[in-house]
Each structure stands twice: as C-alpha cells, then as structure tokens.
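A short worksheet on the structure shown next.
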Amino acid sequence: AQTVTQSQPEMSVQEAETVTLSCTYDTSESDYYLFWYKQPPSRQMILVIRQEAYKQQNATENRFSVNFQKAAKSFSLKISDSQLGDAAMYFCAYRRGGTASKLTFGTGTRLQVTL
Amino acid sequence: EAGVAQSPRYKIIEKRQSVAFWCNPISGHATLYWYQQILGQGPKLLIQFQNNGVVDDSQLPKDRFSAERLKGVDSTLKIQPAKLEDSAVYLCASSTGSNQPQHFGDGTRLSIL
C-alpha cells in the first residue's frame, strides 16, 4: 500500500523568507503523481502544485516549487517570498497513475507566517 | 465557475443517531469523492463515484455508512448509527474525470456527543 509521510507537524517562516516543507512517500509503482494541497482555516482544500513522476523537471507555480527526488522518494515544497496568506495546513498527496484517482494524503504540516 | 457545494456546514448529534450530508459537485464533473478528515490527519477517501456508479468504496464502513448519487449529479452520504469515532470533517470533491484535478468543497464538520 502507498503511504505518504510528512514529518514536520508545524513550521514557521517570516514574511518574505523561504520555507521548505518535507514529504516522503512509499510506492512500488513507476507511474504516479504527487501533489501539494493547501487547506486554509476555512477548510477548502486547494491544489498548489502537481508533479508527474515521469517528468524529471521539477514543477513550479509562481512562488511555489518542488524538489522531486524519485530515487529517494522525496517530494518537498519550497515557498519563496512567504506571505501572510500562505499560512495554512499543507498536505502532500499521492495518486497512482492510469485511471486510478484515489488520493493518499499525509498528515499535514501547519505553516505559520510571522511578521 | 461555482465550486463544490456542501451542506450543512456543521452538525452536532448524539451517538447512535443518524445524519446525512449533501454535496453538489461542479457542473459537468462526472467524478465525485467523499473524504473523511479526522482531526490531525489527512483526508481519507470513503467512496468515489463515476457518474452514478461506485468506482471505489473499499474504505467505506458499510455497516453504518452509505452513499448514493442517483442521477449522477448530487450526492448524499449517510451515517446510521453514528459512533463517537465518526467525529470528523466530511469533504466532498469532484473532477471532470478520474485522473483530473480534484476540486474540494468547504466540508461538513460533524461532532458526535
């Protein structure tokens, strides 16, 4: 079974600084997708960034980028120029490739952004 | 584009009572998901529909949980009877297809007394 591990329950970053959230996963599949979701206090889960396992290039979305290390099964999220609005729970998630769509989530990292 | 709508937003019941949640996915989204998010944990898939058919309900406690999507649009999730461990946020999500990005609703927070 696939598992997703987020070892940092809480992280804190100062406004305008950079922070990295860690995620590791375990799978025997070669075709899969990895995601980072943001869940603000209002609870609506929002997709931040997505990475296809077959792509070597790390995904980037504006201030958000990932460091995908396939051999190490590591998928970290870097947030640059942190803003107050980045404060939220961040969940790493895995989905097997093909027609499967079940998302397996980690336990989340709560990010605080301070002035 | 209107998002995924869920109701109620909050629900408090006593154990052994019944409760139902409603979800209206984004228009045109064929795939609908129900997740359970227990405090301090990530969401866990309970059931996935493709139109009005069940694709995956392997983690649904079928002795007390049921879900339906009769016309392939709205969906209801029911718990009968509720247990203390069912206290959680129940999230509904939808997507255009089984391997497309999932869009989540605000969730229903269920508290069991």
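Throughout, a chain's letter reflects where its sequence line sits, starting with A, and its residues are numbered from 1.
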| Is the closest side-chain heavy-atom distance between A/Phe91 and B/Pro43 below 4.5 Å? | yes

Show your reasoning for whether side chain to side chain contact (heavy atoms under 4.5 Å, CB included) applies to B/Leu91 and A/Gln39. CA-CA 12 Å; B/Leu91 296 168; A/Gln39 189 177 43; 4.2 Å; yes

Applying a strict 4.5 Å limit to non-hydrogen atoms, the region of B/Asp56 in contact with chain A is side chain

- Query: More than 12 foreign heavy atoms under 6.0 Å from CG of A/Leu84: is that the case here?
  - Reply: yes

Applying a strict 4.5 Å limit to non-hydrogen atoms, the region of A/Arg110 in contact with chain B is neither

Turns out that what part of B/Val55 lies under 4.5 Å from chain A's heavy atoms comes down to neither

Do other residues, nucleotides or ligands put more than 12 heavy atoms under 6.0 Å from the CD atom of B/Gln80?
no

Rounded to the nearest 0.5 angstrom, the CG-OH distance for A/Leu103 and B/Tyr35 is 4.0 Å

Please say whether more than 12 non-hydrogen atoms of neighbouring residues, nucleotides or ligands are located less than 6.0 Å from NZ in B/Lys62.
yes

Heavy atoms of B/Gln48 and A/Lys102 approach each other most closely as OE1-N, 4.4 Å

Heavy-atom neighbours of A/Asn62 CG exceed 12 at 6.0 Å: no

Greater than 12 external heavy atoms within 6.0 Å of B/Glu85's CD:
yes

Residue set satisfying side-chain hydrogen bond (donor to acceptor under 3.5 Å, both in side chains) with A/Ser82, at least two apart, ordered chain then number -> none

Rounded to the nearest 0.5 angstrom, the CD-CZ distance for B/Gln102 and A/Phe35 is 7.5 Å

Under 6.0 Å from the CD1 atom of B/Ile12, do we count more than 12 heavy atoms belonging to anything else shown? no

So, the part of B/Gln59 with a heavy atom under 4.5 Å from chain A: the answer is side chain

